[in-house]
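I have placed the structure first, in the form of structure tokens, so that the comments after it can refer back to it.
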Amino acid sequence: MSTTDFVVHNPVEDLLRQDRVPTIWCPGCGIGTTVNSFAHALLGQDIDLSKTAIVSGIGCSGRVSGYMNLDSFHTTHGRAIPFATGLKLANPELTVIVYSGDGDLTSIGGNHLIHAARRNIDLMVVCVNNMIYAMTGGQAAATTPGSSMSTTTPYGAFEPELNMPQLVDAAGACFVARWTSFHVMQLERTMAKALKKKGLRFIEILSPCPTYFQRKNNLGDALTAMVDYKKRSKIKHGCHTWETALEPGGDIIVGEFVDREREDYLTRMRRQLGSHYSEFPEQTEEEISEGACSEC
Amino acid sequence: MPKGSVAITTERCKGCGFCVEFCPTHGLELSSAFNAKGYHPPHMISAEKCSGCNLCGMYCPDFAIFGYKYPANKAKGEAA
Ligand SMILES: Cc1ncc(C[n+]2csc(CCOP(=O)(O)OP(=O)(O)O)c2C)c(N)n1
Ligand code: SF4
Ligand code: SF4
Ligand code: SF4
Ligand SMILES: [Mg+2]
């Protein structure tokens, strides 16, 4: 290889906290792959990164916020959306991204997801779906597909699994998409589009967990899972979200399913409250001097 | 003259093989050498075919490899 006389630099590095890499993720864990698409999507926009915040819950996927060189917050399990909601309402000029796992966002945090979609609050929610509670040892989640083996389903799961796109679509999200960690370029484009949209944007990413999901189900290693995603995925942009249910071994329907305009929470709130609402309420001189409001 | 090349941080690699599998020019292979953690990092087997497309970089979950294109004038032999 000839020597290079120009600067060779991976732009993704600029968005990583260098002191935290290498990551704790297992070899072949797909979470890191999704971070590449996310970093490229962020860098390709004229978004002010100093006004961009990322919020995660707990889990392997929840580690993403800690690795990104953005304002980040690692909340308690299942509570990334409530924290992000408060952040956005208190500081509406921020671009707020929630990046977390299937267990965190749809199992313990499922109720928050429903209401964030109902409110159409201006957040981009990225859900890494490895179909399991990975960090805690591979227990079945609401997303574990029928008859799969997990630590808590030694005879195979029998609960029907959740279809995330259908859930958030029904609740009112303005943008709903699904890709897998195999679809790196499509995912980057979808994330770039979602970053620019107003309202609740939801992106599900199927991702291999070779340590628990793949191993417990004799599905081979991470590379086998990636090749399997490539084979089984069918791109169906705009398809009805009731068609996107995941069946073990069946087609994986991917694409951008919902992209609609719907008034977001803050706009609605400002319109309804009219002059009763001000972003930064003025404090009286007394309050300023006492450092507390008159109610305290 | 290849259009691009890759930079590999071998010590970050965890040997998953994503870069090898999804390189469109099949220019990479996991080497038989070990890194300090005991994984086999990739190396180029046909550098002349590399387009610098960076698909390897997009797939690498450990930020251990990325592709880059040579500047246009470099390809013509007039390095900037
Ligand atoms: C309130 C609370 N309950 C349970 C836990 C234990 N816990 C930590 S991570 C996790 C599962 C995370 O699963 P998921 O969101 O799918 O992330 P993954 O690790 O699969 O990426 C659980 C149950 C916790 N930390 N806090
Ligand atoms: S346990 Fe699974 S999800 Fe967690 S880092 Fe390992 S492979 Fe990834
Ligand atoms: S830059 Fe593209 S062609 Fe070159 S090794 Fe990487 S994936 Fe292959
Ligand atoms: S994709 Fe990254 S971690 Fe995996 S083998 Fe290639 S360089 Fe190593
Ligand atoms: Mg999970």
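Letters A, B, ... are given to chains in the order of the sequence lines, protein chains preceding strands, and every chain is numbered from 1.
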Chain A neighbours within residues 13-30 of chain B, where any heavy atom lies under 4.5 Å away: B/Lys14, B/Cys16, B/Gly17, B/Phe18, B/Glu21, B/Phe22
A/Arg17 (side chain) donor-acceptor with A/Met68 (main chain) under 3.5 angstrom: yes
A/Trp25 side chain to B/Asp62 backbone, donor-acceptor under 3.5 Å: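 Looks like no, no N/O pair under 3.5 Å.
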Are the side chains of [X] and [Y] in touch, meaning some heavy atoms are under 4.5 Å apart?
X: A/Ser107; Y: A/Tyr133; result: yes
X: A/Ile205; Y: A/Met191; result: yes
X: A/Leu206; Y: A/Val254; result: no

Residue-level contacts of residues 222-229 of chain A with chain B, using a heavy-atom cutoff under 4.5 Å: A/Ala222, A/Leu223, A/Met226, A/Val227
Ring geometry between B/Tyr68 and B/Tyr70 (parallel below 30°, tilted from 30 to 60°, perpendicular above 60°): perpendicular
Contacting moiety of A/Leu16, where chain B heavy atoms sit under 4.5 Å: side chain
Heavy-atom proximity to chain B below 4.5 Å, by part of A/Thr34: neither
Which portion of B/Lys37 sits near chain A, non-hydrogen atoms under 4.5 angstrom: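 Side chain only.
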Pairing of A/Glu256 and A/Lys197 as salt bridge, 4.0 angstrom limit: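 No, A/Glu256 and A/Lys197 are not salt-bridged.
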Close aromatic pair by centroid cut-off 6.0 Å: B/Phe34 and B/His40: yes
When B/Ala64, B/Gly57, B/Ala7 are compared by non-hydrogen pairs under 4.5 Å with chain A, the top option: B/Gly57
Between A/Thr180 and A/Arg232: side-chain donor-acceptor atoms closer than 3.5 Å: no
Donor + acceptor pair across side chains of A/His9, A/Asp14 (<3.5 Å): yes
Single hit among A/Asn129, A/Asn130, A/Val128 for side chain to side chain contact (heavy atoms under 4.5 Å, CB included) with A/Cys209: A/Asn130
